[in-house]
Amino acid sequence: MNFKTVLLGLVVALGIGVIILVARDDDALDPAVERALKPPKRLPLESNLFYPLSGFAVAVDKIPAEEGYAAVTRVNEILRSHVNGRTEEMRPEIQKAWVESVLDINDPTKIVCTLRKDGCIASLLARRTDLLTLAGQHQILTARYRGLADFPEFQLDLLPHVEMPLPRFNAVLSTNRLVLGVQIVGYLQGEDEKSGAVLQDLQFLRRLLGQADNVLTKMVATAMMADALHAYAAMMDRKGSNIDHFPVLAPLSTAELSPERSLMGEFRFVASALSGFQGEAADYEDLGKDLGMPPWLGATALRALFKPNRTLNRDFPCWQAALATTRRPSAELMAPGGAKDTPACKPDWYEWILDPIGMVLSSISEPDFRRYAGRLHDLDGLITLVNLKRALRRDRVTADDVANYLSGNGATYVDPYAQKPMQWDSETRALRFTGAQTHIGYDRLPLEPLQ
């Protein structure tokens with residue numbers, strides 16, 4: 001081996017060493033990121049809706065809120081005691097510490113359909129006896145559902161973590177549909193007080209929608225509210241119904257319409273996941289051995305590939321810019337140049353050298369902001385359709401005259417995306433608008449004949 005080859009090798013090794021030494025140090029968290037990641041103060045048991053939701057399906061002799069509160073306390077203690085611990089070590093402990101859900105609604109989908117689906121209301125009326133029998137079998141769950149409205153606040157008080165458990169929302173969703181089905185059938189058969197019950201449900205769901213601080217809860221509230229809106233609208237189909245029982249519904253408030261609070265909750269979750277990934281990277285040395293590197297070199301080199309603080313500092317402006325995009329009016333929301341096309345989301349090329357693992361994790365963890373915002377804007381459009389149906393019933397408009405009515409009241413009931421009068425589909429007898437996610441079905445409302 002000649003002198004030049006040895007010298008070149010030394011230069012290359014020195015260069016790699018310098019790069020590793022420079023690149024391995026992580027940045028300090030930006031103060032704005034630190035503020036965003038600071039956990040809120042825990043809410044009391046009697047105030048936080050998260051607790052009875054978490055304990056919703058506990059055994060009959062248990063109190064849901066108390067069980068949920070105790071489970072949150074246990075899980076948080078486990079997470080605090082396993083800082084930077086391995087996920088597989090915590091998982092069984094967390095599962096054991098979480099709420100034991102034992103109550104189920106027996107085959108609810110065979111009786112209680114999704115209210116926005118075509119023919120659902122007619123099916124509920126045809127199976128009224130089965131519906132009431134099912135409600136009688138699940139009085140505990142329906143009573144618990146009504147009791148949720150007694151909790152004025154919502155906050156996910158679990159420490160963010162990839163193993164963080166969440167409420168058993170399938171039981172809550174099924175019970176919501178059961179309660180709404182009973183209310184619809186009861187009102188259509190003469191029980192006037194049922195319209196007030198649906199209004200109370202809407203009030204409760206709007207509060208949850210506005211306070212939800214994670215995406216799953218926000219979307220669950222959205223789905224339940226869509227069903228409640230369809231129930232409210234279906235009650236207008238009763239012959240001789242007093243339209244004064246159905247006040248005009250206000251559009252979604254800023255907090256209800258915005259996904260910001262829930263998506264920032266997701267940012268805290270992503271930050272926790274990055275921290276956990278770094279913690280599990282205590283096994284860097286083992287991985288280095290697997291790659292044939294000395295332990296010290298494997299640890300040093302692999303740490304240089306991932307800098308969670310740098311990742312968060314880089315991603316935070318991107319999330320903020322994307323969230324600002326979701327504040328756009330419906331007509332602009334789905335236009336080109338939307339949430340994921342913002343300049344803040346396009347990192348410089350050298351980030352792939354300084355933080356390659358962080359870049360990969362960022363690309364797979366960033367949510368589709370417009371998708372969540374679009375669903376909420378569709379829900380707001382559904383409220384307009386419900387108010388439109390109320391006006392049609394109030395003015396005794398027949399199906400043959402709906403199109404003319406819409407053209408004459410175009411400025412009052414507007415498609416939020418097309419900025420034109422709402423549409424009337426005479427074949428399917430449905431009011432509709434353009435919609436951002438038409439497969440979800442929030443963009444249409446049937447106008448059934450009076451019953």
Side-chain angles (χ1 to χ4, degrees), residues 45-76 91-115 120 123-124 127-151 153-158 163-186 194 197-198 200-201 204-205 207-208 212 214 216-228 231:
L45 184 154
E46 66 275 6
S47 174
N48 192 357
L49 176 60
F50 181 69
Y51 301 132
L53 282 174
S54 297
F56 188 78
V58 294
V60 173
D61 60 340
K62 304 291 185 180
I63 299 176
E66 292 181 357
E67 293 298 307
Y69 187 89
V72 168
T73 302
R74 291 192 297 267
V75 170
N76 282 343
R91 186 176 298 136
E93 290 187 56
I94 290 174
Q95 291 174 346
K96 183 178 179 180
W98 192 235
V99 187
E100 183 183 9
S101 297
V102 297
L103 300 183
D104 285 300
I105 293 182
N106 300 320
D107 298 324
T109 55
K110 293 182 179 179
I111 300 173
V112 191
C113 42
T114 303
L115 298 180
C120 178
S123 173
L124 292 177
R127 304 194 64 182
R128 178 178 182 272
T129 301
D130 293 336
L131 178 69
L132 296 180
T133 299
L134 187 65
Q137 293 170 349
H138 297 289
Q139 294 181 51
I140 294 294
L141 288 177
T142 55
R144 286 177 178 177
Y145 178 80
R146 295 187 184 100
L148 296 176
D150 296 334
F151 292 79
E153 300 176 88
F154 179 90
Q155 182 176 284
L156 197 161
D157 276 339
L158 285 167
E163 292 296 321
M164 176 182 67
L166 286 171
R168 188 180 163 202
F169 279 123
N170 59 330
V172 180
L173 282 162
S174 295
T175 306
N176 165 255
R177 283 161 52 184
L178 176 60
V179 168
L180 290 173
V182 171
Q183 291 168 348
I184 294 169
V185 168
K194 297 296 187 183
V198 173
Q200 291 174 0
D201 278 344
F204 157 66
L205 293 171
R207 179 157 50 81
L208 177 58
N214 63 92
L216 178 60
T217 303
K218 187 85 169 181
M219 292 300 102
V220 166
T222 302
M224 290 196 293
M225 187 169 168
D227 276 346

Measure the [atom1]-[atom2] distance between [X] and [Y] for me, rounded to the nearest 0.5 Å.
X	Y	atom1	atom2	answer
Asp227	Leu180	CG	CG	6.5 Å
Leu173	Leu178	CG	CG	12.5 Å
Asp150	Phe204	CG	CZ	9.5 Å
Arg146	Leu141	CZ	CG	11.0 Å
Met224	Met219	CE	CE	12.0 Å
Met225	Arg207	CE	CZ	13.0 Å

Exercise for review: Answer yes or no: does atom CG of Leu132 have more than 12 heavy-atom neighbours from other residues, nucleotides or ligands under 6.0 Å?
Suggested key: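 Result for CG/Leu132: enclosed.
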
Practice item. Kindly indicate, with the supporting measurements, whether the criterion side chain to side chain contact (heavy atoms under 4.5 Å, CB included) is fulfilled by Ser174 and Val112. Key: CA-CA 8 Å; Ser174 295; Val112 191; over 6 Å; no

Let me check something: any side-chain donor-acceptor pairs from residues 133-140 under 3.5 Å, sequence neighbours excluded? List them with distances.
from, atom 1, to, atom 2, distance (Å)
Thr133, OG1, Thr129, O, 2.8
His138, NE2, Asn106, N, 3.4
Gln139, NE2, Gly136, O, 3.2

How about [X] and [Y]: do any of their side-chain heavy atoms sit closer than 4.5 Å?
X	Y	result
Leu124	Cys113	yes
Val172	Pro167	no
Val220	Leu208	no
Phe169	Asn176	no
Ile184	Leu115	yes

Sequence neighbours excluded and cut-off under 3.5 Å, please list the side-chain donor-acceptor pairs for residues 51-58, or say none.
from, atom 1, to, atom 2, distance (Å)
Tyr51, OH, Arg42, NE, 2.8
Tyr51, OH, Leu43, O, 3.4
Tyr51, OH, Asp157, OD2, 2.8
Ser54, OG, Phe50, O, 2.8

Contact summary for [X] and [Y], nearest pair of heavy atoms:
X	Y	answer
Asn48	Phe151	O-CD2, 3.7 Å
Leu156	Met164	CD2-SD, 3.6 Å
Lys62	Arg144	O-NH2, 3.3 Å
Pro165	Val75	CD-CG1, 4.0 Å
Thr222	Lys218	OG1-O, 2.7 Å

Quick one: side chains of residues 93-103, donor-acceptor pairs under 3.5 Å with protein atoms, not counting sequence neighbours, listed by atom name and distance.
from, atom 1, to, atom 2, distance (Å)
Glu93, OE2, His82, NE2, 3.1

